[in-house]
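Here's the structure, in C-alpha cells; my notes come after.
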Amino acid sequence: MAAKARVSLTGLLVAATWACLSVVAASAFDVPTVAFEERFSPLFGDGNLVRSSDDRSVRLLLDRRSGSGFVSSDYYLHGFFSASIKLPKDYTAGVVVAFYLSNGDVYEKTHDELDFEFLGSRWGGQWRGQTNVYGNGSTSHGREERYLLPFDPTLEAHSYSVLWAPTHIIFYIDDTPIREVIRHPDMGGDFPAKPMAVYATIWDGSAWATDGGKYKVNYKYAPFASDFSELAIVGSRADPVLRVPRRHGAHQDLLGLMTADYAVMTPQKRAAMRAFRARQMTYTVCYDAVRYADGPFPECDNSDEERESFSAWGESKTVVMRPRARARRRGRKPAAGARARADVSSS
C-alpha cells in the first residue's frame, strides 16, 4: 500500500531556508510514494545501486568503475513524477545527477524528454540545476534553463518534481514552481507527447558539465553518492508504441491529474516562480539570441524589461555563481589566498 508523503509548505521554506524568496506559494502537495520494487528496477551499475532495507530509498554511486541508475517498470502518458534527492558533497566537478522522463530507448531519433539535471562544481554544495524540454527529437534546438539552487543540496534531501499534462509542463523544487511551459500551437511536435519512462542516474559528465568540460571528475573524491527517496508517480501506464493507456479509466485519471493542486498555476504560485527565476536563473533559452537568431521559442513569455538582465547568449547579468565563504575560526581572518579564491566565480 502506498504511503502518504507530505511535502513541506512552500511558505515555510521561503521564510526559513529560502530566505532569498519573499513570496509565499500555495499549499503543500499530498502525493503517494512507492517502494522501489513497486514501480522501478535497476538500470545499470550493479553494486553501485544500493537499496535501503525498507526498499523506499536508493543510493546511486559513481566511482572509477561505473555510474548507476534505475528506471520505472512502465511507461506513462502524462503524470506527476517526484523524488527527494540529496546530492554528493565536496568536490563534484564533472559529476551529473539526473531525474528525468524519456522514451529514447523506443524512439531513438524522435524521442521526447523532460529533465532535471544537476551539475557538480569545484566548490562543496555549489550545484547547479538544469531543466530540459525535448519533443520529437528536438535536441538540436533544446529548451534548456539553468539555475543556482537556493540551498546546499548536499546537507539534506529536497523534492524535485515534474508535472506533465497535455497542455502544459511545470517543474518544481520542493513546492515552488521554477518553470512553466505552456503548449503553444507553433511548438508542433516539440512538445513531448509520447509515453515516457522515469529515470534516475549518476554519471561522469566530464566532457561538458563544469565550465564546458574544463574541470573533470576527480576520482580521488569517489565514490560520489546521491540518495533518492520519497519516489512518487501519479499517472496512467501506457503502451509506448501504441501510445494509449494500458487500462480503462484513463480519462478519469487525466481529469484528476489536470485538477490536482500541482497542475494548477495559481497567482501565488506564479509569483513565487517569478521570484525564484529573478534570483536564481543563470541561463534561459528564451533570451539566447545567438543560438536562436530567428527569435524566442513560441512558448516564451519574454519582456523588454526582463531582457535587459540577460546577455545575447541568454546568460543572466545579475545571477552569477560564486563559492560560498567557508566558516571562519573564531578570532582569525582568512588568509589572503583564501580571500582571493572566494572572490573568483566558479561553475
Side-chain angles (χ1 to χ4, degrees), residues 39-41 43-44 67 69-83 96-119 130-146 160-171 179-201 203 205 207-209 233-247 250-251 253-254 257-258 263 283-286 288 291-300 314:
R39 295 290 183 94
F40 297 96
S41 59
L43 180 64
F44 71 102
F70 60 88
V71 61
S72 62
S73 305
D74 292 286
Y75 288 77
Y76 298 87
L77 186 58
H78 309 119
F80 180 77
F81 311 92
S82 183
V96 179
V97 175
F99 178 66
Y100 63 103
L101 311 175
S102 178
N103 49 35
D105 58 337
V106 179
Y107 300 95
E108 182 178 353
K109 297 181 179 180
T110 59
H111 86 287
D112 305 312
E113 192 168 320
L114 294 172
D115 297 342
F116 256 120
E117 290 183 320
F118 304 97
L119 315 179
Q130 175 167 301
T131 60
N132 302 316
V133 177
Y134 303 127
N136 206 34
S138 61
T139 53
S140 62
H141 47 281
R143 290 164 158 84
E144 65 266 30
E145 290 186 345
R146 289 187 291 276
Y160 304 91
S161 311
V162 181
L163 178 280
W164 172 39
T167 54
H168 63 293
I169 297 161
I170 305 175
F171 293 88
R179 182 180 186 182
E180 179 185 29
V181 179
I182 298 176
R183 189 172 191 170
H184 190 283
D186 291 341
M187 290 181 72
D190 284 359
F191 190 92
K194 299 186 291 292
M196 292 189 281
V198 186
Y199 293 81
T201 57
W203 52 284
W208 64 277
I233 294 179
V234 181
S236 294
R237 296 177 176 90
D239 187 298
V241 177
L242 298 178
R243 308 183 191 182
V244 295
R246 292 188 181 275
R247 70 173 189 83
H251 175 75
D253 291 345
L254 182 58
L257 176 74
M258 295 290 288
Y283 170 85
T284 174
V285 70
C286 288
D288 192 337
R291 289 174 64 194
Y292 306 105
D294 293 337
F297 290 108
E299 73 277 8
C300 290

Which heavy atom of [X] sits nearest a heavy atom of [Y], and at what distance?
X    : Y    : value
Y283 : E144 : CE2-O, 3.4 Å
A263 : I170 : O-CD1, 4.2 Å
L77  : A193 : CD1-O, 3.6 Å
L257 : W164 : CD2-O, 3.8 Å
S161 : F80  : CB-CZ, 3.5 Å
V285 : E145 : N-CG, 4.4 Å

Looking at side-chain heavy atoms only, is the closest gap between [X] and [Y] below 4.5 Å?
X    : Y    : value
P192 : I169 : yes
F171 : Y160 : no
L119 : V96  : yes
H184 : I182 : no
Y76  : S72  : yes
R243 : P195 : yes
V97  : T201 : no

What is the distance from atom [atom1] of [X] to atom [atom2] of [Y], rounded to the nearest 0.5 Å?
X    : Y    : atom1 : atom2 : value
Y134 : S102 : OH    : OG    : 10.5 Å
D288 : C300 : CG    : SG    : 10.5 Å
I233 : F81  : CD1   : CZ    : 6.5 Å
L43  : F70  : CG    : CZ    : 10.0 Å
D239 : Y75  : CG    : OH    : 10.0 Å
N103 : D112 : CG    : CG    : 4.5 Å

Does a side chain donor of either [X] or [Y] reach within less than 3.5 Å of an acceptor in the other side chain?
X    : Y    : result
H141 : D190 : yes
R39  : S73  : no
D115 : Y199 : no

Next item on the list: Look at the rings of W203 and W208 and say which category their plane angle falls in: under 30° parallel, 30 to 60° tilted, over 60° perpendicular.
Entry: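 Because their plane-to-plane angle lies in the 30° to 60° range, the rings of W203 and W208 count as tilted.
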Check: For A165, what residues pass the side chain to side chain contact (heavy atoms under 4.5 Å, CB included) criterion, not counting sequence neighbours?
Finding: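 Residues passing side chain to side chain contact (heavy atoms under 4.5 Å, CB included) with A165: L163, T167, H168, M258.
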Item checked: Pair E299 + R183, salt bridge at N-O below 4.0 Å ->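 R183 and E299: not salt-bridged.
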Checklist line | E113 bridged to K194 by N-O distance under 4.0 Å | finding: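 K194 and E113: not salt-bridged.
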Margin query: When you measure from the side chain of S138 to the backbone of G135, do you find a donor-acceptor pair of N or O atoms at a distance under 3.5 Å?
Written below: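 Between the backbone of G135 and the side chain of S138 there is a qualifying donor-acceptor contact (under 3.5 Å).
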Check: What's the verdict on side-chain contact (heavy atoms from CB on, under 4.5 Å) for H251 and L254, showing C-alpha distance, side-chain angles and the deciding distance?
Finding: CA-CA 5 Å; H251 175 75; L254 182 58; 5.7 Å; no
Margin query: The test is side-chain hydrogen bond (donor to acceptor under 3.5 Å, both in side chains); show your working for Y100 and N132 and say whether it passes.
Written below: CA-CA 9 Å; Y100 63 103; N132 302 316; over 6 Å; no
Note to self: One pair to check against side-chain contact (heavy atoms from CB on, under 4.5 Å): R179 and R143. What are the steps and the verdict?
What the structure shows: CA-CA 11 Å; R179 182 180 186 182; R143 290 164 158 84; 3.5 Å; yes
Notebook entry, point to check: Crowded around D294 CG? As in, over 12 foreign heavy atoms under 6.0 Å?
Noted result: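 No, because the 6.0 Å sphere around CG of D294 holds 12 heavy atoms or fewer from other groups.
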Notebook entry, point to check: Yes or no on ring pair (Phe, Tyr, Trp, His ring centres under 6.0 Å) for F116 and F99, after CA distance, side-chain angles and deciding distance?
Noted result: CA-CA 5 Å; F116 256 120; F99 178 66; 7.4 Å; no
